[in-house]
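The structure appears below as structure tokens.
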Amino acid sequence: MVARFMSLKDAVSSCIKDGDTVSMEGFTHLIPHAAGHEVIRQGIKDLTLIRMTPDMIYDQLIGAGCAKKLVFSWGGNPGVGSLHRLREAIQDGWPHKLEIEEHSHAAMANAYDAGAAGLPCAVFKGYRGAELPRVNKNIKFIECPFTGERLAAVPAIRPDVTVVHAQKANKKGDVLFEGIVGVQKEAVLAAKKSIITVEEIVDNFDDVPYNAVMLPNWAVTAIVEVPGGAHPSYAQGYYKRDNAFYKAWDTIAKDRDSFSAWINEHVMNGGPEDFAAKRDANKG
Amino acid sequence: MVARFMSLKDAVSSCIKDGDTVSMEGFTHLIPHAAGHEVIRQGIKDLTLIRMTPDMIYDQLIGAGCAKKLVFSWGGNPGVGSLHRLREAIQDGWPHKLEIEEHSHAAMANAYDAGAAGLPCAVFKGYRGAELPRVNKNIKFIECPFTGERLAAVPAIRPDVTVVHAQKANKKGDVLFEGIVGVQKEAVLAAKKSIITVEEIVDNFDDVPYNAVMLPNWAVTAIVEVPGGAHPSYAQGYYKRDNAFYKAWDTIAKDRDSFSAWINEHVMNGGPEDFAAKRDANKG
Amino acid sequence: MVDYTPTEMMTVSASRALKNDDVCFVGIGMPSAACNLARLTHAPELTLIYESGTIGTKPDVLPLSIGDGELCETAVNTVPVPEMFRYWLQGGKISVGFLGAAQLDKYGNINTTVIGDYDNPKVRLPGGGGAPEIATSCGEVFLVMKQTKRGFVEKIDFITSLGHGTGGNDRASYGVDTKGPSRLITDLCIMEPHPVGKQFIVTSIHPGVTREDIIANTGWTVEFADEIAQTPVPDANELQILRDLHARTAKAHEGQQ
Amino acid sequence: MVDYTPTEMMTVSASRALKNDDVCFVGIGMPSAACNLARLTHAPELTLIYESGTIGTKPDVLPLSIGDGELCETAVNTVPVPEMFRYWLQGGKISVGFLGAAQLDKYGNINTTVIGDYDNPKVRLPGGGGAPEIATSCGEVFLVMKQTKRGFVEKIDFITSLGHGTGGNDRASYGVDTKGPSRLITDLCIMEPHPVGKQFIVTSIHPGVTREDIIANTGWTVEFADEIAQTPVPDANELQILRDLHARTAKAHEGQQ
């Protein structure tokens, strides 16, 4: 089934339901903030959120009460410090208890790869001498049938829905990623459904190189044009990472009230159209 | 250790020795014919040759007596028919007996991937209901530790030397592949040493896209400029596949004498400098 | 009515099996002609994938190999071969695999490896290539092959790629949950697997072909469906486009030296 | 002689550990400053790799995250994250991993997961990220960390990443054949593992620091080598380049809104 162009509201409401397993990926770059806000606005609950590097947008989803469980490998505000909402959910159970399943980056990168590849599990040289296997039953070990070498195994990641942001789609719905591409392509291919927000929709991809990082339209569910939709993350070629806002988030999120006030003002009373101005402000 | 620029003669004599396991890859595109000829000229023997799609160049190496064993997944002249030298080596032991280890494309693609990834084996959904596992002891099966699903396993490919052709290197020795990139990058990363022949050496890669298919100079052993070095295969952007010659090969290789005469004239009495003219003839 | 050859009849019939929204993994040779004919006639949005890594390719001439430059130049995207086999084929993204064979049995099991004994072959064939996993990972498999007693045999010499195994639910016993060979298009007829037993039964016969022709060119005991259709003949447009395609192809492949 | 801070002393000492032909997997924070300082001073051809997939990057300012745009714009190549962890890290292509820690023991085992019990943590830290496999797959590991009694402990609360395990050959017992932590650079001194026991021993002390300072800031019983060097002070060029780098970085990160 070929991708459909939709509004963000329709894309989220038609693809994501309470209790789903959702991956919103982006390795610092191209994080789908606008789509995350739409999930909060629609009050979707009990999500199992998957992401290698849950940062601000997952802090917001967790603080807003959308998440039941988090599967992750590094949960912090990069270069700044802790994610206060994540930390409070784990340490104090606010707004409610958050179950966690913790991995290493290598494990999750391999698990996305395995999900995209239709495998039930990923096999890799990992977790040797590390303690996570003691507390995470989804880490097992197998033996290489040729050498006897002990290898780690983790279940493949197969989200119900993957949400990512990309630079461009063309009018047919093919999607282009450029720059730090993270695990986005794998996360989409591993999922049952996908929502892709893009900076712009262009007529064609005639000038795109043969070996670009792309998804053809039949491998994608919904496409939404949201200029600036990654802010305060960034879109290479469009606007820069708003590092100042990542630093400011540390103060906003530290306190429950200031967090809730921010969500109310910028998310509950905001919309995807607000992101274009943020894109313009970070062009430099 | 950073790549060194060398002559083809020096690259082959310093990297490849009798009895080595050698992969000369290229999936129809970018097949390192000039380098293959140099191996024949130097009379290197007892090679274990690995390749998904052994075609004309492996037919030549086998017919010229360089190979002891062939690891492969599809051995034919694509769209034309059999490889007569390969066939005669297997069926009649001429010029001597050739041991074979046969896989499927999926198995070998996964085995190269595993070799590049430093794994001892590749695990994939393969060979289900197929008969190759009966005749190839390097195909085994394991169980997913989470689902119990039966998965195929093959040993990782780890050549002593990988030889490939690419479009460009820059003056630092970084290498660029474009178009049908096959398993070349994986084959180089999986090998202990590598020889890369290129169409041209350029000053820099300033205009190369962020996510191009590349090898940095420290991941490569030797780089040789051989314009036209893939002929009768092709180099996207430089010259086309010489399909007429692939068809002509069927006649040349059918007969031992005409084969030997061709090798004598074009390989033993030829050199890498002969390939530039073939490139010019196939530009159209 | 337009004149056509049995091969043209086969190619046109095979092309008609493809739908506009199919994503098709294309084997070289006969499948390639049929798939591109479909794209150039009733299924313009058909996605063609070649194992060389080209996704959504629209070649103007038929490739001689599975990796000719036209495939890449006209593709939506070109990916590394490991990615092709891992994410796209094994990942379950392909709806149809289109394959040929050297030997075939009535359950659609394919031999492209050897004639005779594996260790002392009478004829060494090219081997499986992508077929063993195309046969199990694609949503369904279409087979296209000229019908002869040598090719359509009771027992194939080597099972390169799984069809319906020994019939019935045997295919599923290997942990395979895809449909397998759902159509066999030859130069004489179209066969489809029996809903329960999974052996091929003739469901449509090409015009001018008799049941005896089919029986004479088949190494297994042919079964015919209760109701058998007559395969619609190629129309003028299909033939013209197919012939133009072959003419362009011949010109392109001979034009180099 | 130029004035410098203990942090500058640490960063400069750490940068000097890197050689021009190293391929270095860079952790964020202190490692990133040291690695880029090395590149801007004595090791201009040093290859820096960040887990975001950027290979051979040469950022003009220090990235705040491991995936800032500068890393990609100045890199030789940017690859998908699964490829980074599979082909480059696990594939054994990286000579040095440069890591920091929240808690460290005398065998160089690292905790960046939790302070307290895993299920009821006193402080939940960000977690391992790339470190568990960086620690085992890189040729060797350099550690850089400010020395405090809270951080340098007898027993870490959680083994996020393997150092030398329980010492001796314990590391190899996990099937790990890489060297592990070969140098620990702090704001007070440099430690290296004992050739046999693998516990860290002080081999070089920074100017102005006493043995008592080191003991007072270490939670394990400090061992000193028989011959101890005095760490060479940062030279004026190194300090200038480091300060310029930090100034450019501060300006770049505050300049946006």
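Bear in mind the structure is a predicted one, so any value in this text is a computation, not a measurement. Throughout, a chain's letter reflects where its sequence line sits, starting with A, and its residues are numbered from 1.
- Below 30°, between 30° and 60°, or above 60°: for B:F259 and B:W249 the angle between ring planes is above 60°, a perpendicular geometry.
- When heavy atoms are compared at a cutoff of 4.5 Å, C:E83 does not approach chain B at all.
- Not counting sequence neighbours, C:H164 has no partner by the ring pair (Phe, Tyr, Trp, His ring centres under 6.0 Å) test.
- The aromatic rings of C:F85 and B:H105 lie perpendicular to each other, with more than 60° between the two planes, well past the 30° mark.
- The candidate with the highest count of non-hydrogen atom pairs below 4.5 Å against chain C, out of B:A111, B:A130, B:S104, is B:S104.
- When the candidates B:G76, B:G81, B:A106, B:G79 are compared by the number of heavy-atom contacts under 4.5 Å with chain C, B:A106 comes out ahead.
- Of the residues considered (B:H29, B:E102, B:E149, B:R87), B:E102 shows the highest number of contacts with chain C, using heavy-atom pairs under 4.5 Å.
- A cation-pi contact links B:R150 to B:F141, judged by a cut-off of 6.0 Å to the six-membered ring centre and 45° from its axis.
- Crowding of C:K146 atom NZ: a count of heavy atoms from other residues, nucleotides or ligands under 6.0 Å not exceeding 12.
- A side-chain donor-acceptor contact under 3.5 Å links C:Y50 and C:S32.
- Residues of residues 118-134 of chain C that come within less than 4.5 angstrom of chain B, heavy atom to heavy atom, are C:Y118, C:P121, C:K122, C:V123, C:R124, C:P126, C:G127, C:G128, C:G129, C:G130, C:P132, C:E133 in numerical order.
- Interface residues of residues 166-175 of chain C toward chain B, defined by a heavy-atom distance below 4.5 Å and sorted by number: C:Y174, C:G175.
- Taking non-hydrogen atoms and a 4.5 Å limit, the residue list of residues 87-108 of chain C in contact with chain B, ordered by number, reads C:Q90.
- Ion pairing between B:K69 and B:E101 holds under the 4.0 Å rule for side-chain N and carboxylate O.
- For chain B, the nearby parts of C:T136 are the backbone and the side chain; heavy atoms of each come within less than 4.5 Å.
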